[in-house]
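So that the names make sense, note that chain A is the first sequence line, chain B the second, and so on, each numbered from 1.
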Amino acid sequence: MSHADDEHEANIPATTAWMPGTIPGSSPGTGMTGGNRRNFLRGALAATLIAPGVTLNVFGANARPAGEPASTKVRWGLLVDVNKCSISCDACVRACNAENGLTGRSETDAQWIRKVTLNNSATEEIRSAPVMCQHCASPPCVDVCPTGASFKRADGIVLVDKHICIGCRYCMMACPFKARSFVHEDHDDQATHAPRGKGTVEGCTLCVTRVDAGQKPACVEACAKEGGALVFGDLNDPGSEISKALRQYPAAQLRADLGVDPGVFYAHLK
Amino acid sequence: MAKQRYHRLSDHSLPFWTLILLHGLAVAAGVASALYIESHGHGVTGMNNQIVWGLPHVFAVFLIVAASGALNVASVSSVFHRLVYKPFARLSGVLAIALLIGGLAILVLDLGRPERVFLTLFHRNLTSIFAWNIYLYGGFVALVAGYLYAMMDRRLSNDPRATAVFGWAAFIWRLILTTGTGSIFGFLIARDAVSGAIMAPIFIASSLLYGLAFTVLVLLTMSIETSDILCTKELIGKFRGLLALFAATTLALTLIAHLTKLYAAPTVAVELFLLRDGGIYPIVFWIGQIGLGLLAPLLLLAVMKSEASNVAELAGASILFLFGGLAQMYVVIIGAQAWPLNIFPGFEASSSFGDGAVATYAPTAPEFFLGISGVSIAMLIAALAFRLLPVIPQILANEAKA
């Protein structure tokens, strides 16, 4: 058994156990006023007629039924094609911030994903690539967390249980990719599906609520409209888009020498 | 041989009350700072997402390391049967617990969610060295408390086996505890400045030094307060030798650690940063940790004579060793974080999140007050214990002259 399969793996039921009482993709503060009843009824009728189609589209073939635990049969991963990642583009960062309601002071704001400019020391060629939680198979952040708040889901997504995070920041010390942020102040207008707590640690969730609903992470969706540098999928499925892409061209994990086996791969990083 | 007698502190002098008042003010400032940080968030500190552990951790780790070393005197008397130290074993045990509580208080008060600290009892992750340390700290307090009981209880104190058992257990436990504290840093695979097994022995050597320095200063303070010569001529000579030995060991291990990393190509850059190019960090290292913190007090000990009249040199050396300890923790904790992580080997990285750049850290006043209050919490706990428990040995006049 690999280290990744030990007791820190958690079979978390789809979405609800991770973030209680939320509807994937919903926004806070939306509600019906009394004057809009007629419009509401029209909308309800339309929704009744088109809902099945929407449901099929949103909760697609990859959606996991609510209550069903995540499975080790799946390992979610990302592929970053550096050749397609434009230095001037930050669509993935903007999409992540919008999806997860990330705001803050410039000095201490959270960055779940960031664009890193890379200057090849040998060739002087300048590239760019996004860095986010690498969703390691053997995540150091999970190893060091005293309460088990840092945990890895059975499907490889590394998360923070904010109910038992004590804010010691040892995971931030241990992460080789500086992928975690500490919430330094209170935040209003949070996204209901991505609650943030002052004094706790957070990081890329791989848009777990979206993934559980059969959607792709927000960064991947945004990138597809730009350069299409991000590929998301099941690393365990030989037929998935990401597995095919990984077979097509060589890709590397960041700091592979550390042996933490990241779930994020970088192609054409040279 | 006459039975050793102990007494409680009763009447306090004005200088002693002044010390208590100053420590009380420091604790009040620390508590106010902790409340301020918790209500406003850590955004009011100099800590950020690059430097996640700051000045409070420098003080906290320093106190925790010193705590295990404060048990030296007790260990030497019970484990190594050096009878000259025996009268001070109780004081040594009390100080060890006080320093540990002082350090842990700061560590807890600096948590993002300090009110959740008890969750660590119900949610355990046994792969976490942090989780191990929670048990090591708790076990240390329990063992030393048992040790003190064995020394103070009329019936048990007559049975040398009881003291020996607790003495040995506490001695072994304290070595494991400091190994655990050093390993908090040594286990960080991505932090080139501190990763490595040598962190544990460095912390053990440092703990012996800082713990003994604290003990010496408290003993000298109690000598003044009780108008009793607690530090006999013989004891001063022994403290001098032990401090020099521990300081030399700390210096040698520190030298080996840095030379090893200077020799290995992947860690040359971080070493040059800490030792030469890193701005504040080489200054703190060379002047604070090595110069004022180790070499200067070693020189002071070398020139002093083993006489009771030279307590000033012993006190001065002890203060400098403690100053050096804080400098050491600053370099180990802050310096290690300031150096950027090498996420993309072979590339010069830059980003809005500090990639490839040296992180800046400017500690704020609340952080300093929170940190320094740990020392005062420890001193107030020790003072209270000296008043409530028979800890201070009564030294006979003819012994003092010996």
Residue among [options] with most heavy-atom pairs under 4.5 Å to chain A:
| options | value |
| --- | --- |
| B/Ile184, B/Ile37, B/Thr120 | B/Ile184 |
| B/Trp132, B/Phe185, B/Phe347, B/Phe122 | B/Phe347 |
| B/Gly356, B/Pro114, B/Ala349, B/Pro345 | B/Ala349 |

Quick check for you: to the nearest 0.5 Å, what is the distance between [X] atom [atom1] and [Y] atom [atom2]?
| X | Y | atom1 | atom2 | result |
| --- | --- | --- | --- | --- |
| A/Met173 | B/Phe130 | CE | CZ | 9.0 Å |
| B/Ser350 | A/Leu118 | OG | CG | 7.5 Å |
| B/Gln50 | A/Thr108 | CD | OG1 | 10.5 Å |

At a heavy-atom distance under 4.5 Å, which candidate from A/Ile166, A/Val93, A/Val144 has the highest pair count against chain B?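 Of the options given, most contacts go to A/Ile166.
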Just do the side chain to side chain contact (heavy atoms under 4.5 Å, CB included) check on B/Arg113 and A/Lys198 with the steps written out, would you? CA-CA 8 Å; B/Arg113 301 297 299 264; A/Lys198 181 182 74 181; over 6 Å; no
Using a 4.5 Å cut-off on heavy atoms from C-beta on, say whether the side chain of [Y] contacts that of [X].
| X | Y | value |
| --- | --- | --- |
| A/Cys145 | B/Ser128 | no |
| A/Thr200 | B/Arg116 | yes |
| A/Leu254 | B/Phe344 | yes |
| B/Phe353 | A/Ser181 | yes |
| B/Ile189 | A/Val260 | yes |
| A/Thr117 | B/Glu348 | no |
| B/Leu341 | A/Pro176 | no |

Would you please test B/Asn342 and A/Arg255 for side chain to side chain contact (heavy atoms under 4.5 Å, CB included) and show each step? CA-CA 8 Å; B/Asn342 187 15; A/Arg255 293 303 307 267; 4.0 Å; yes
Using only atom types and a distance under 3.5 Å, with no angle test, would you say the side chain of [X] pairs donor to acceptor with the backbone of [Y]?
| X | Y | answer |
| --- | --- | --- |
| B/Asn125 | A/Asp143 | yes |
| B/Trp53 | A/Cys168 | yes |
| B/Asn49 | A/Arg180 | no |
| A/Tyr170 | B/Ile129 | no |

Crowded around B/Phe369 CZ? As in, over 12 foreign heavy atoms under 6.0 Å?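 No - once you tally the heavy atoms of other residues, nucleotides and ligands closer than 6.0 Å, there are 12 at most.
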Kindly write out the residues that satisfy ring-ring contact (aromatic ring centres under 6.0 Å, His included) with A/Phe182, not counting sequence neighbours, or none if the list is empty.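 ring-ring contact (aromatic ring centres under 6.0 Å, His included) list for A/Phe182, sorted by chain: A/His184, B/His42.
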Taking side chain as everything from C-beta outward and backbone as N, CA, C, O, which of these in [X] sits under 4.5 Å from a heavy atom of chain B? Side chain, backbone, both or neither.
| X | result |
| --- | --- |
| A/Leu269 | both |
| A/Val201 | neither |
| A/Lys115 | backbone |
| A/Val131 | side chain |

Part of [X] lying under 4.5 Å from any heavy atom of chain A:
| X | answer |
| --- | --- |
| B/Leu107 | neither |
| B/Asn133 | neither |
| B/Leu111 | both |
| B/Glu115 | neither |
| B/Thr360 | neither |

Name, in order of residue number, those residues of residues 327-340 of chain B that have a heavy atom at a distance of less than 4.5 Å from a heavy atom in chain A; otherwise write 'none'.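 B/Gln337, listed by number.
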If you take all heavy atoms of A/Val142 and B/Thr127, which pair is closest and at what distance?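 Looking at all heavy atoms of both residues, the shortest contact is O-OG1, 4.1 Å.
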Quick one: do B/His57 and A/Arg169 satisfy side chain to side chain contact (heavy atoms under 4.5 Å, CB included)? Show the steps, please. CA-CA 11 Å; B/His57 300 80; A/Arg169 287 103 80 196; 3.5 Å; yes
Salt bridge (charged side-chain N to carboxylate O under 4.0 Å, His left out) partners of residues 350-375 of chain B, not counting sequence neighbours, each pair once: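 For residues 350-375 of chain B, and leaving out neighbouring residues, the salt bridge (charged side-chain N to carboxylate O under 4.0 Å, His left out) pairs sorted by first residue read A/Arg114-B/Asp355.
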Determine which pairs satisfy side-chain hydrogen bond (donor to acceptor under 3.5 Å, both in side chains) with at least one residue from residues 178-198 of chain B, sequence neighbours left out, and list them in order.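 For residues 178-198 of chain B, and leaving out neighbouring residues, the side-chain hydrogen bond (donor to acceptor under 3.5 Å, both in side chains) pairs sorted by first residue read B/Ser68-B/Thr178.
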